[in-house]
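What you are looking at is a predicted structure, and each value in this text was computed from that prediction instead of being measured.
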Amino acid sequence: MSYKSLLTLVAAIVVLPAGVAYASANQAVPVTLVSSSPQVRTGQEVTLFASIPEPLLKGEVLSIIDQTTNQVIAQTSSGTTVSGVYETNQNIQQTFTGEITDASTPISVNWTDQGIGNNQGYANAAGQTVTISNPMEVTLGSPIFLNATASGFVSPVYQFWWAMQGGQWHQSGHYQSSSFYKFIPPRTGLIDVTVYTREATAPTGETALQRAQYEAKANTAVVAVNAVPGTGSGTTPTPSAAGWVSLTAANQVALGSSIVLAGNAVNMPQPVYQFWFWTPGEGWESSGHYTSANTYSVPASVLGQWAAVVYARPAAAPINETAARRAEYEVNSPVSTIVVSQQP
């Protein structure tokens with residue numbers, strides 16, 4: 001059996017004051033549900049009260065349930081009243097029910113605050129999602145570039161996580177508006193990577209259960225870190241033949257102008273170049289196949305912080321090689337950042 005009453009709570013809008021309630025259609029066991037405050041603002045706590053005129057029978061429970069997330073706010077199996085505290089997280093309509101139901105077999109669910117294992121992503125209560133873009137493999141000593149794409153968020157902020165499989169998880173720091181993150185893997189092996197996203201206006205210091213209402217997570221992806229022959233696992237490789245390449249670019253350019261990238265390979269016979277650039281909100285793109293041209297121009301079409309890197313190798317180097325084989329002759333510059341603004 002199930003007897004219900006309804007209460008609709010709208011953040012920043014007047015709600016039912018104490019003493020006013022909906023009664024169940026079954027008048028034999030009416031459930032009264034009220035709130036402690038007639039007006040609730042985002043981030044404010046409100047207490048919900050449910051009551052019945054007669055004590056619960058054996059095997060019955062009285063619950064207050066958030067209809068948006070199916071979260072049980074409060075529950076009791078004895079007496080005539082139950083109350084629970086709810087904190088509003090965003091300015092949306094929330095509907096709650098006061099219910100009498102048959103008792104069920106209890107289960108335990110462990111909530112983990114952040115990245116654990118190779119688990120699946122999930123949407124938040126509002127249906128907002130996030131995905132992560134990452135390379136399939138990298139060479140030890142080279143950075144791993146991650147890019148997040150949020151869907152449904154107005155002003156998303158991001159927090160990236162990575163871990164050597166079986167090892168400790170590391171985070172990018174506090175949530176930031178940048179959807180781009182890079183790090184250098186510490187050793188060879190497989191690395192799990194993921195990203196969490198929430199609105200910039202979401203509260204902080206919340207419990208894991210509260211966070212699940214508005215925070216979305218990407219699927220955990222895997223990046224293979226390959227060793228460089230002859231260097232040994234866990235060491236930073238030195239490019240073969242002492243070859244290296246540098247990247248030159250302006251630190252800041254004006255919107256609508258061009259970002260000019262210039263590479264300079266040293267100690268490398270007949271070098272060819274491939275440029276990569278990261279556009280805010282769009283991710284990484286390449287200049288195409290390796291060519292002998294050591295400059296590349298990109299239209300500065302989007303405001304914000306861009307990133308760029310150049311790769312170089314001898315013109316006689318093989319193609320369609322493995323990552324380990326490529327590391328014998330291919331080098332890359334450090335990643336440079338370029339700010340595109342309204343004024344240079």
Side-chain angles (χ1 to χ4, degrees), residues 42 90-91 128-135 138 142-162 170-184 193-204 214-216 218 244-266 273-291 293-312 331-344:
T42 302
Q90 52 185 319
N91 188 13
Q128 298 161 323
T129 60
V130 63
T131 59
I132 190 170
S133 299
N134 57 276
V138 297
S142 298
I144 292 176
F145 300 102
L146 304 177
N147 185 35
T149 302
S151 177
F153 290 88
V154 177
S155 299
V157 289
Y158 306 88
Q159 186 181 65
F160 293 86
W161 286 77
W162 66 270
H170 305 270
Q171 60 168 294
S172 58
H174 297 297
Y175 277 83
Q176 300 289 337
S177 59
S178 175
S179 61
F180 162 74
Y181 177 66
K182 72 179 179 71
F183 67 96
I184 297 178
V193 294
T194 190
V195 63
Y196 290 80
T197 304
R198 63 170 86 181
E199 290 287 357
T201 55
T204 58
Y214 56 81
E215 187 175 73
W244 57 278
V245 64
S246 62
L247 175 68
T248 302
N251 293 327
Q252 186 171 357
V253 300
L255 182 68
S257 62
S258 294
I259 298 173
V260 179
L261 308 175
N264 181 35
V266 178
Y273 301 87
Q274 183 185 62
F275 295 87
W276 285 81
F277 59 95
W278 185 85
T279 308
E282 298 181 14
W284 284 96
E285 296 180 59
S286 78
S287 58
H289 297 295
Y290 276 83
T291 70
N294 70 333
T295 61
Y296 185 70
S297 180
V298 185
S301 56
V302 179
L303 290 171
Q305 181 172 291
W306 293 50
V309 65
V310 61
Y311 287 77
V331 295
N332 62 273
S333 70
V335 176
S336 296
T337 57
I338 303 113
V339 176
V340 175
S341 59
Q342 294 288 358
Q343 297 296 329

Exercise. What heavy-atom pair brings Val253 and Ala250 nearest, and what distance separates the two atoms?
Worked result: CG1-CB, 3.9 Å
Problem set entry | Partner of Tyr273 by side chain to side chain contact (heavy atoms under 4.5 Å, CB included), out of Leu261, Val245, Thr291 | Val245
Exercise. For Thr194 and Ala218, which heavy atoms make the closest approach, and how far apart are they?
Worked result: OG1-O, 2.9 Å
Seminar exercise, completed: In terms of heavy-atom contacts, Glu199 and Gly152 come closest through OE2-O, 4.5 Å
Seminar exercise, completed: Separation between CH2 (Trp278) and OG (Ser336), nearest 0.5 Å, reads 14.5 Å
Seminar exercise, completed: The reported gap from CD1 in Ile338 to CD in Gln252 (rounded to nearest 0.5 angstrom) is 11.5 Å
Problem set entry | Beyond-backbone contact of Leu247 with Phe275, side-chain heavy atoms, under 4.5 angstrom | yes
Exercise. Side chain of Ser178, backbone of Phe180: donor and acceptor closer than 3.5 Å?
Worked result: yes
For this session: Could you tell me whether Trp162 and Phe183 have their ring centroids closer than 6.0 angstrom?
Result: yes
Exercise. For the residue pair Gln159 and Gln171, what are the closest heavy atoms and their distance?
Worked result: NE2-OE1, 2.8 Å
Seminar exercise, completed: All heavy atoms of Ala265 vs all of Ala312, minimum pair found to be CB-CB, 4.1 Å
Exercise. Within a strict 4.5 Å, meaning less than it, do heavy atoms of the Val340 and Ile259 side chains meet?
Worked result: yes
Problem set entry | Check: Asn332 and Ser142 side chains under 4.5 Å, non-hydrogen atoms | yes
Exercise. Do Ile144 and Pro135 touch side chain to side chain, with heavy atoms closer than 4.5 Å?
Worked result: yes
Exercise. Which residues satisfy the side-chain hydrogen bond (donor to acceptor under 3.5 Å, both in side chains) test with Glu285, sequence neighbours excluded?
Worked result: none
Seminar exercise, completed: Sorted by chain and number, sequence neighbours left out, side-chain hydrogen bond (donor to acceptor under 3.5 Å, both in side chains) with Trp306 holds for none
Problem set entry | Separation between CH2 of Trp161 and NE2 of His170, rounded to the nearest 0.5 Å | 9.5 Å
Problem set entry | Whether Ser333 side chain and Val310 backbone form a donor-acceptor pair below 3.5 Å | yes
Problem set entry | Val193 side chain reached by Ile132 side chain, heavy atoms, under 4.5 Å | yes
Exercise. For the side chain of Asn294 and the backbone of Ala262, is there at least one donor-acceptor N/O pair under 3.5 Å apart?
Worked result: no
For this session: Could you pull out the closest heavy-atom pair between Pro156 and Thr197, with the gap in Å?
Result: CB-CG2, 3.7 Å
Seminar exercise, completed: Value for CG (Leu146) from OG (Ser179), rounded to nearest 0.5 Å, stands at 11.0 Å
Exercise. Looking at OH of Tyr296 and CD of Gln274, how far apart are the two atoms once the value is rounded to the nearest 0.5 Å?
Worked result: 10.5 Å
Exercise. Are Tyr175 and Tyr196 side-chain neighbours, meaning at least one heavy-atom pair lies under 4.5 Å?
Worked result: yes
For this session: First locate atom OG1 of Thr129, then atom CZ of Phe153, and finally report the distance between them rounded to the nearest 0.5 Å.
Result: 7.5 Å
Problem set entry | Side-chain touch Phe145/Val335, heavy atoms, less than 4.5 angstrom | yes
